[in-house]
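Written below as C-alpha cells is the structure these notes are about.
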Amino acid sequence: MVEEKFFPDRERLIQALAHDCACDLQKGIKERGQASFLVSGGSTPEPVYRELSKRPLPWARINVALVDERWVDKSESGSNHAFIEDCLLQNCAAAAPFLGMKTPHATAAEGEADCERAYGELPRPFDVCVLGMGNDGHTASLFPHAEGLQAALDPASAKLCSAITAKQSAVTGKHTERMTLTLAGILQARDIKLLITGDEKLKVYREALLDSDELTMPVRSILKQGLKPVTVYWAP
Ligand SMILES: O=C(O)[C@H](O)[C@@H](O)[C@H](O)[C@H](O)COP(=O)(O)O
C-alpha cells in the first residue's frame, strides 16, 4: 500500500506535503476534536515544518510529538526537541501542545517506561506520522543492526517507544543512544508519510522495495506492511 508522490522540485513537494499533513490533521480534529501529529527530525522535513507553522490550523488541538530523539537534552546539539520547537512550534503552530521523548534519566533505557507512559496518553490513532530515511535505510531511529532493533520491529509489540543503541557506523557523528517509536508505534498512525529527496535516497528507496530483510534496511518494515497507507514524497 505504498503511494508515490514525486515532484519536479522541492518547493512543490514542500507545499504538497504541508497541505496533505494539514488535511490529515483537520480531518482528525473534525472527527475527534483533536489530532496527533508525529514528527521526525532531520534536515529534509525542516522546510515542510516551517511552512506548516504558518498555516492557521487549530494548533491548540493538535498534539505534536516526536518520532524519535537522540538521548540529549534540549540544550545539546542534535536535540530533535529543540529542532521541532525551532522550526515547527512557531507562528500559528506555537499554540500546539508538544510531547518530547527525552526524560531526566541518564539513559534511554532508563527513560523508556516514562516515555511509554507519556506516549500512551496521546490521542490515538495518530493522524499523521512524518518519517525520513537515511542512506543506510534507517527510518525514525530504527537503524540497521541496532541493539533493540528486532524487538522494535515486532509489529505485535505492545510498546509504542523503545530505547535503541545504533551501531556507531550507522550514525553520523555521536548520539548512538536513541529513543524511537517502534514499528507498532508508527503503525498507530492512520497515515504515514515518508519524505525523501535527491537521487541517492531514491536509489535507496528503490533498493528497499526489492527485498524484505528489515534488519539491514528497517525502512522496509514501513514499506512492506499492509496495515496502514504509506505515501512516499520525493523530489530531486
Ligand atoms: O531524528 C532524525 O534524524 C530522524 O528521525 C531520522 O530518521 C531522519 O529522518 C533521517 O536520518 C533522514 O535525515 P535527513 O532528513 O537529515 O536526511
Side-chain angles (χ1 to χ4, degrees), residues 7 10 13-14 17-18 21 37-52 64-74 76-89 98-102 108 115 119 126 128-146 148-149 152-153 160-183 185-187 189 192-205 207-208 214 216-223 230-236:
F7 298 87
R10 295 196 186 182
L13 180 155
I14 291 161
L17 181 49
C21 287
F37 183 21
L38 279 288
V39 291
S40 287
S43 56
T44 312
E46 181 174 345
V48 178
Y49 297 150
R50 292 195 185 282
E51 173 58 30
L52 263 172
V64 177
L66 287 177
V67 162
D68 67 331
E69 179 62 283
R70 295 167 185 80
W71 205 249
V72 294
D73 290 329
K74 265 177 39 174
E76 297 177 80
S77 77
S79 165
N80 280 346
H81 193 118
F83 167 75
I84 293 297
E85 283 186 335
D86 174 59
C87 63
L88 176 59
L89 304 178
F98 177 40
L99 180 60
M101 285 182 149
K102 179 69 172 62
C115 191
Y119 272 64
F126 306 141
V128 54
C129 177
V130 174
L131 297 175
M133 185 191 75
N135 286 335
D136 60 356
H138 83 260
T139 189
S141 282
L142 301 166
F143 285 91
H145 310 301
L149 177 67
L153 291 181
L160 296 171
C161 304
S162 176
I164 285 273
T165 305
K167 296 274 180 290
Q168 184 60 31
S169 57
V171 183
T172 51
K174 300 175 293 181
H175 313 311
T176 55
E177 196 176 8
R178 307 275 186 116
M179 186 71 75
T180 185
L181 283 185
T182 58
L183 171 62
I186 293 168
L187 295 182
I192 299 166
K193 299 183 176 308
L194 178 66
L195 170 60
I196 55 176
T197 55
D199 293 337
E200 178 63 28
K201 285 193 180 179
L202 183 59
K203 214 165 74 191
V204 172
Y205 161 65
E207 183 192 339
E214 300 173 346
T216 53
M217 292 187 88
V219 71
R220 286 180 172 138
S221 65
I222 302 297
L223 298 172
V230 178
T231 309
V232 178
Y233 293 73
W234 177 84

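Hydrogens, waters and symmetry mates play no part in the numbers below; they use all other heavy atoms, side chains included. Whatever order the structure lists them in is the order used to number ligands and atoms, beginning at 1.
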Could you tell me if the side chain of [Y] sits less than 4.5 Å from the side chain of [X], heavy atoms only?
{"X": "E51", "Y": "L17", "result": "no"}
{"X": "F126", "Y": "I192", "result": "no"}
{"X": "C21", "Y": "K193", "result": "yes"}

| task | Look at the aromatic rings of Y233 and F7 and report parallel, tilted or perpendicular, splitting at 30° and 60°. | result | parallel
Among [options], which one has a heavy atom closest to [atom]?
{"atom": "atom 10 (C) of ligand 1", "options": "H138, E69, R70, E46", "value": "H138"}
{"atom": "atom 6 (C) of ligand 1", "options": "A140, G42, G134", "value": "A140"}
{"atom": "atom 9 (O) of ligand 1", "options": "S79, S43, G132", "value": "G132"}

| note | A student checking ligand 1 against N80 at a 4.0 Å heavy-atom cut-off should list atoms 1 (O), 2 (C)
| request: Heavy-atom contacts with K201 under 4.0 Å: which atoms of ligand 1 show up? List them by number with element. | output: 12 (C), 14 (P), 15 (O), 17 (O)
| Between R178 and ligand 1, does any nitrogen or oxygen pair lie at a separation below 3.5 Å? | no
Identity and distance of the protein heavy atom lying nearest [atom]:
{"atom": "atom 4 (C) of ligand 1", "answer": "D68 OD2, 3.6 Å"}
{"atom": "atom 12 (C) of ligand 1", "answer": "M133 O, 3.4 Å"}
{"atom": "atom 15 (O) of ligand 1", "answer": "T44 OG1, 2.6 Å"}

| query | Can you name the closest pair of heavy atoms from D136 and H138 and give their distance? | reply | OD1-ND1, 2.6 Å
| Are R70 and E76 ion-paired here, with the side-chain N under 4.0 Å from a carboxylate O? | no
| said: Tell me whether E207 is salt-bridged to K203, with the criterion being a basic N under 4.0 Å from an acidic carboxylate O. | reply: no
